[in-house]
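Working notes, beginning with the structure itself.
Below, each value reflects all heavy atoms present in this structure, side chains not excepted, and no hydrogens, waters or symmetry copies. Counting convention: from 1, in listed order, for ligands and their atoms alike.
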Amino acid sequence: MSSHAIRLDGVEKSFGAVRALAGVDLTVAAGECLGLVGHNGAGKSTLMHVLSGNLTPSAGTLSIGGAPYSGSWTAAAAQAEGVRCVFQELSLCPNLTVAENVRIVHRSLKGLGWKNRARALIRQKLDEIFPNHGISPDDEIADLAIGQRQMAEIARAFTVTDGALRLVILDEPTSSLDAVTAQQLLAYVKTETARGTSIILISHLLGEILSTADRIVVMKDGKTVADRKAADFTRNSLVAAMGSEAREHRRGEARKASEEVMVRAQPRSGGTASLEARKGEIIGLTGLAGHGQTRMLLQIYERRQAEVTGKLAFIAGDRQSDGVFNLWSIGRNITTRSLSALRKGGFIDLAAEERLAEEWKVRMAIRTPDVDNNILTLSGGNQQKALFARALASDAAIILMDDPMRGVDIGTKQEVYAMIRAEAEKGRTFIWYTTEIEELTHCDRAYVFRNGAIVASLGSDELTEEKVLQASFAEHAA
Ligand SMILES: Nc1ncnc2c1ncn2[C@@H]1O[C@H](COP(=O)(O)OP(=O)(O)OP(=O)(O)O)[C@@H](O)[C@H]1O
């Protein structure tokens, strides 16, 4: 780690009244993995957009390889200097194949046979990072599940043709990956930094930051508030530096289930085991990603081969394609599931709608000066909070959650877990697909999925990573 790969000094950026970056200094050494953490809206993604040339700051300087950069720092300049970024909101073109998306970042892939070279390049990188990925270079992006899209985009960021790779920014790279693929990526990060590439790893999963990063920088309200070697942090000191309170992660008390069955569903694609959720239960869906969990939620939502007693709400994890209404305000995004309840005569009671949005802005601590702002002005984690608010504010008795904590910070997660628990106590039923095995400790029971079928049903005292992985890989249904 002899020289700086890249360095920012005094970077400032405001969006209207919001001061997203208030004078940030950041240095990344060659061959270093820098962990970047901070609450939702702390300014991490904005800083990364500056670093990758997608946003021009109002003040600040950039040095690269130890020398100040004199030209204008654009996305093309960053690309030419070997800076790549995998953003939270994935950016592959959905109507192109994986190989064609590789061509977009490698202009040197041209002339006769470019497609074969693109195919080989991405296949080799996918194999290296994610063995058994199951992705073909000829798959169209729109046909891939969100976890596979994330894998393809990560692998693309590490492909090299003519220019050397200097820095790769990974913004929440494991948010859609299951425990096995997430571990594959974290191991690869170590391999790649050993080759001399620098990596910035942004994550709300503090365990992976502590185990993978060499150094950790903490951001809070547009500033860096701590910068130390990873070994000098503990989980608790890291949470405290972020401005949250470290709480003991305790398994929920075993509760007596009601007799009333709210949902009974049979996976359409295999097996004989079926899912059952009773009133007031929190039911987890787990197993390796893409094994039929989301399909099960959709099946229940669409009431296909599923007996459902009660109104439903759905919290999407893939917020880009299934969650937010891009052209609407934050407030309207929250209230849209409650419009029938807000009706007064033939019209929507606009004052009541405003009150509902404000109430949930406060309850979910959504960071915005005004709920009338467009939803896309929120940071990724805050958009996800708005989707939670939409479902929880509604009159739904059954809430389906499709890996809903993607990008949500640790402080908010703790609040939301408590909220889910309290709502379940009041009789709401939750069916919760999660790629974070630790989250299963909040469930009363969980079903493990494999190849579209339910292969195990685990009680709350059996919900450990070991048991879940054992069932996920077992050859025979339990
Ligand atoms: N295009 C925009 N217009 C208005 N405000 C914005 C815009 N982009 C970001 N912001 C605001 O800037 C602040 C910093 O957002 P940023 O996305 O950098 O946070 P973050 O630390 O990456 O959060 P998260 O962990 O949720 O991804 C937030 O208050 C956000 O609402």
For the residue pair [Y] / [X], report whether a side-chain donor-acceptor contact shorter than 3.5 Å exists.
X	Y	result
S176	Q150	yes
T193	E32	no
D227	T224	no
H4	T27	no

**Prompt:** Is there any N or O on L376 that sits under 3.5 Å from an N or O of ligand 1?
**Reply:**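 By distance alone, the answer is no.
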Which residue holds the protein heavy atom closest to [atom], what is that atom called, and what is the gap in Å?
atom	result
atom 17 (O) of ligand 1	S379 CB, 3.3 Å
atom 2 (C) of ligand 1	F15 CD2, 3.5 Å
atom 14 (C) of ligand 1	G41 O, 3.5 Å
atom 12 (O) of ligand 1	A20 CB, 3.4 Å
atom 27 (O) of ligand 1	Q88 NE2, 2.8 Å

**Request:** Could you name the option among L21, T377, N40 that has the heavy atom nearest to atom 31 (O) of ligand 1?
**Result:** T377
**Prompt:** By ring pair (Phe, Tyr, Trp, His ring centres under 6.0 Å), which residues pair with Y69, not counting sequence neighbours?
**Reply:**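 If we apply the ring pair (Phe, Tyr, Trp, His ring centres under 6.0 Å) test to Y69, skipping adjacent residues, the hits are W73.
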**Complete:** The residue among K361, R363, R355 that forms salt bridge (charged side-chain N to carboxylate O under 4.0 Å, His left out) with E359 is R363
**Prompt:** M219 versus V225: any side-chain heavy-atom pair under 4.5 Å?
**Reply:**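 M219 does not reach V225 side chain to side chain.
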**Residue pair M296 / F449, side-chain heavy-atom distance below 4.5 Å** = yes
**Asked** So does E354 pair up with R332, basic N to acidic O under 4.0 Å?
**Response**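 Not counted as a salt bridge, because no side-chain N and carboxylate O are separated by less than 4.0 Å.
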Proximal ligand 1 atoms for [X], defined as those under 4.0 Å from one of its heavy atoms:
X	value
H39	21 (O)
G380	26 (O), 27 (O)
L378	31 (O)

**Message:** Heavy-atom pairs closer than 4.0 Å: do any link ligand 1 to the side chain of H204, the backbone, both, or neither?
**Reply:** side chain
**Prompt:** Considering only heavy atoms, does T46 approach ligand 1 within less than 4.0 Å through its side chain, its backbone, both, or neither?
**Reply:**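 For T46, the contact with ligand 1 is made by both the backbone and the side chain.
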**Message:** With ring pair (Phe, Tyr, Trp, His ring centres under 6.0 Å) as the rule and sequence neighbours excluded, what pairs involving residues 185-240 come up?
**Reply:**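 For residues 185-240, and leaving out neighbouring residues, the ring pair (Phe, Tyr, Trp, His ring centres under 6.0 Å) pairs sorted by first residue read F158-Y188.
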Below 4.0 Å from ligand 1: does a non-hydrogen atom of [X] turn up there or not?
X	answer
M219	no
G38	no
H49	no
V18	yes

